[in-house]
Number of protein chains: 2
Amino acid sequence: MYYIGIDVGGMSIKGGIVDENGNIIIKDSVVTNPTQPSDDNVKDIAGLVQKLLCDGGIDEKEIVGMGMGVPGTVDPDTAKIFYTCNIYFRDYDFRKEFKKYFDFPVYIGNDADCAVIGEAVFGDMKGVQNAVIVTLGTGVGTGTLVNGKLISGFKGAGGEGGHTVIRMGGEKCGCGRRGCWEAYASATALIRDTKRAMEKHPESLMHEIAKKEGKVSGRTAFDAMRAGDKTAKTLVSRYIKYVGEGLVNIGNYIRPEIIFMGGGVSNEGDWFIKRLQAYVTRYSYGGRRNPYIKVMKATLRGEAGILGAAALVAKTA
Amino acid sequence: MYYIGIDVGGMSIKGGIVDENGNIIIKDSVVTNPTQPSDDNVKDIAGLVQKLLCDGGIDEKEIVGMGMGVPGTVDPDTAKIFYTCNIYFRDYDFRKEFKKYFDFPVYIGNDADCAVIGEAVFGDMKGVQNAVIVTLGTGVGTGTLVNGKLISGFKGAGGEGGHTVIRMGGEKCGCGRRGCWEAYASATALIRDTKRAMEKHPESLMHEIAKKEGKVSGRTAFDAMRAGDKTAKTLVSRYIKYVGEGLVNIGNYIRPEIIFMGGGVSNEGDWFIKRLQAYVTRYSYGGRRNPYIKVMKATLRGEAGILGAAALVAKTA
């Protein structure tokens with residue numbers, strides 16, 4: 001038996017057929033069309049699924065179900081999509097429309113929720129019951145598993161850990177509040193802070209690095225720090241504090257066994273993860289009296305989005 | 001059939017026998033002895049239970065189980081108490097020792113966890129599946145129910161919502177971090193801020209009120225505000241912002257249907273709750289697109305501690 005995993009992204013919709021051990025048998029993608037009506041998006045996804053089945057030589061009857069990760073708000077019970085970014089779904093009954101094409105069950109989840117389920121089902125720590133994934137990318141995403149179950153909130157509207165304030169009255173956040181974790185710990189925030197530091201420090205190596213790269217990125221400060229730049233070192237240390245502060249908040253409230261770090265910034269290496277681990281261990285409530293929270297890099301490589309979506313089926317079906 | 005509820009507090013251990021509708025049939029208490037060995041604490045509690053059964057004329061066989069709320073960290077599965085304040089239990093197997101006295105099942109929970117379960121089982125909103133209780137007292141306590149289940153964290157060490165930072169680098173907190181919600185939203189924090197405001201404003205009515213009361217309390221600023229004092233008005237508005245900020249954080253991450261407000265400060269009246277509701281509604285992520293979070297005063301009156309502990313049995317047994 002197989003699972004289908006669909007990963008809806010801003011640029012493309014990726015799909016794959018996954019076996020019970022988490023091996024991707026076949027994968028493909030279609031370009032995301034951000035302006036077309038919702039029904040056409042479903043048609044595109046059904047077309048992608050049809051192609052996967054054909055090319056993989058797999059019969060529809062061998063499919064346990066399809067999981068889909070979307071960047072937005074979904075009711076996990078009804079699979080109704082309330083809202084998505086970059087692709088148009090508003091209060092949309094995806095299951096009903098998709099039934100016109102295929103008969104297997106469909107499960108939909110927020111992409112961060114899929115990511116943590118992917119780790120729990122197919123990752124190196126598979127079987128973990130209490131875990132949080134934190135993705136440091138354009139925003140800060142969080143997916144939370146408690147006693148093996150997703151915490152997706154009333155009608156799926158929870159899990160917005162990036163939009164918890166760590167500095168009241170601080171940096172403006174896209175959500176309308178000030179001082180959200182996302183406004184400090186996302187790659188977007190890091191780039192903003194890198195630009196600010198560069199303005200203040202014309203002597204910093206970051207100027208040279210950004211020039212070579214053609215832009216200031218989430219890596220600029222890390223690269224400059226590794227090359228010995230003092231301004232970058234200070235900047236990265238402060239960034240780690242921002243990330244760490246939110247991790248300790250989650251740790252104190254939820255007390256997971258593991259916090260997985262995902263998203264582009266988490267590729268900065270073991271050193272980065274170790275610093276976060278040290279911060280969490282030092283500042284978590286109750287110190288050594290309370291159980292240790294392990295901080296580690298997310299373990300699913302490559303098509304984590306497809307695997308996470310497929311895992312949603314494995315976990316729910 | 002009946003439940004026994006035991007509420008372990010710093011001053012006294014309260015106990016009651018509760019029927020299936022949440023009526024307390026009989027109640028009593030013993031003085032807390034903070035220095036005696038753990039086994040003697042169990043003996044005291046067993047004595048209290050014996051007295052309740054005798055005085056109530058209830059047979060041990062009519063007891064479904066005993067629930068106990070403690071101010072500390074408990075593993076909900078094993079009922080092992082890792083740590084408590086004000087009464088001595090450290091890595092203690094309460095169930096094993098208590099079995100020497102009585103044979104019915106024993107469930108132990110953190111007191112804030114019991115409070116939210118009490119609301120879900122015996123409160124005005126009974127049956128609620130997704131709810132958080134926030135208690136504004138000496139500290140800030142949180143108890144969280146998701147899909148009808150407690151989020152007590154790995155080995156019961158979670159639920160410390162009071163120790164999530166809302167202002168990085170801010171006021172010192174007893175837990176070792178700076179800027180915790182508790183360091184701004186607890187009655188203790190309010191009293192500290194009231195004293196600071198009084199120092200700066202010798203003309204404030206708060207001086208007179210505190211003199212009459214014999215001390216500065218969590219009520220001083222509220223009373224002065226109601227009497228028209230401007231300094232107090234500013235202070236209370238800021239305090240509401242502090243409380244609200246943490247509520248929105250919880251709302252965005254967990255997205256409960258209801259946030260119950262408990263603890264002494266929550267007795268400041270409907271007006272206070274309404275202001276918190278307005279804050280949460282205004283700043284919650286996704287605005288009107290996401291489901292509304294209701295903020296209301298905790299509904300269990302009187303012996304909420306006994307009822308919450310008894311509800312732990314009703315919920316788990």
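Letters A, B, ... are given to chains in the order of the sequence lines, protein chains preceding strands, and every chain is numbered from 1.
- Within the 4.5 angstrom heavy-atom criterion, no atom of B:I258 approaches chain A.
- Residue pairs satisfying the salt bridge (Lys or Arg N to Asp or Glu O under 4.0 Å) criterion with at least one member in residues 241-261 of chain A, sequence neighbours excluded, are listed as follows: A:E245-B:R177.
- Proximity to chain B involves both the backbone and the side chain of A:Y283, based on heavy atoms less than 4.5 angstrom apart.
- Between B:C180 and B:K172, the closest side-chain pair of non-hydrogen atoms is not below 4.5 Å.
- Of the atoms belonging to B:N147, it is side-chain heavy atoms, and not backbone ones, that fall under 4.5 Å from chain A.
- Crowding of A:R282 atom CZ: a count of heavy atoms from other residues, nucleotides or ligands under 6.0 Å not exceeding 12.
- Side-chain contact between A:V128 and A:E119 is absent, with no heavy atoms from C-beta onward closer than 4.5 Å.
- Atom NZ of A:K297 has more than 12 neighbouring heavy atoms from other residues, nucleotides or ligands inside a 6.0 Å radius.
- Of the listed residues B:K155, B:R167, B:M168, the one with more heavy-atom pairs under 4.5 angstrom with chain A than any other is B:M168.
- Under the 3.5 Å distance criterion, with hydrogens and angles disregarded, a donor-acceptor pair is assigned to the side chains of B:Y253 and A:T144.
- When heavy atoms are compared at a cutoff of 4.5 Å, A:V132 approaches chain B solely by way of its side chain, counted from C-beta outward.
- Of the residues considered (A:I151, A:N130, A:D91), A:I151 shows the highest number of contacts with chain B, using heavy-atom pairs under 4.5 Å.
- Ranked by heavy-atom pairs under 4.5 Å with chain B, the first of A:G162, A:P256, A:G153, A:G169 is A:G153.
- Interface residue B:Y285: only side-chain heavy atoms are found under 4.5 Å from chain A.
- With respect to chain B, the highest number of heavy-atom pairs below 4.5 Å among A:G159, A:G161, A:G170, A:C175 belongs to A:G159.
- Using bins of under 30°, 30° to 60° and over 60° for the plane-to-plane angle, the ring pair A:Y92/A:F89 lands in the tilted bin.
- With a threshold of 4.5 angstrom between heavy atoms, B:V146 approaches chain A through side-chain atoms but not through N, CA, C or O.
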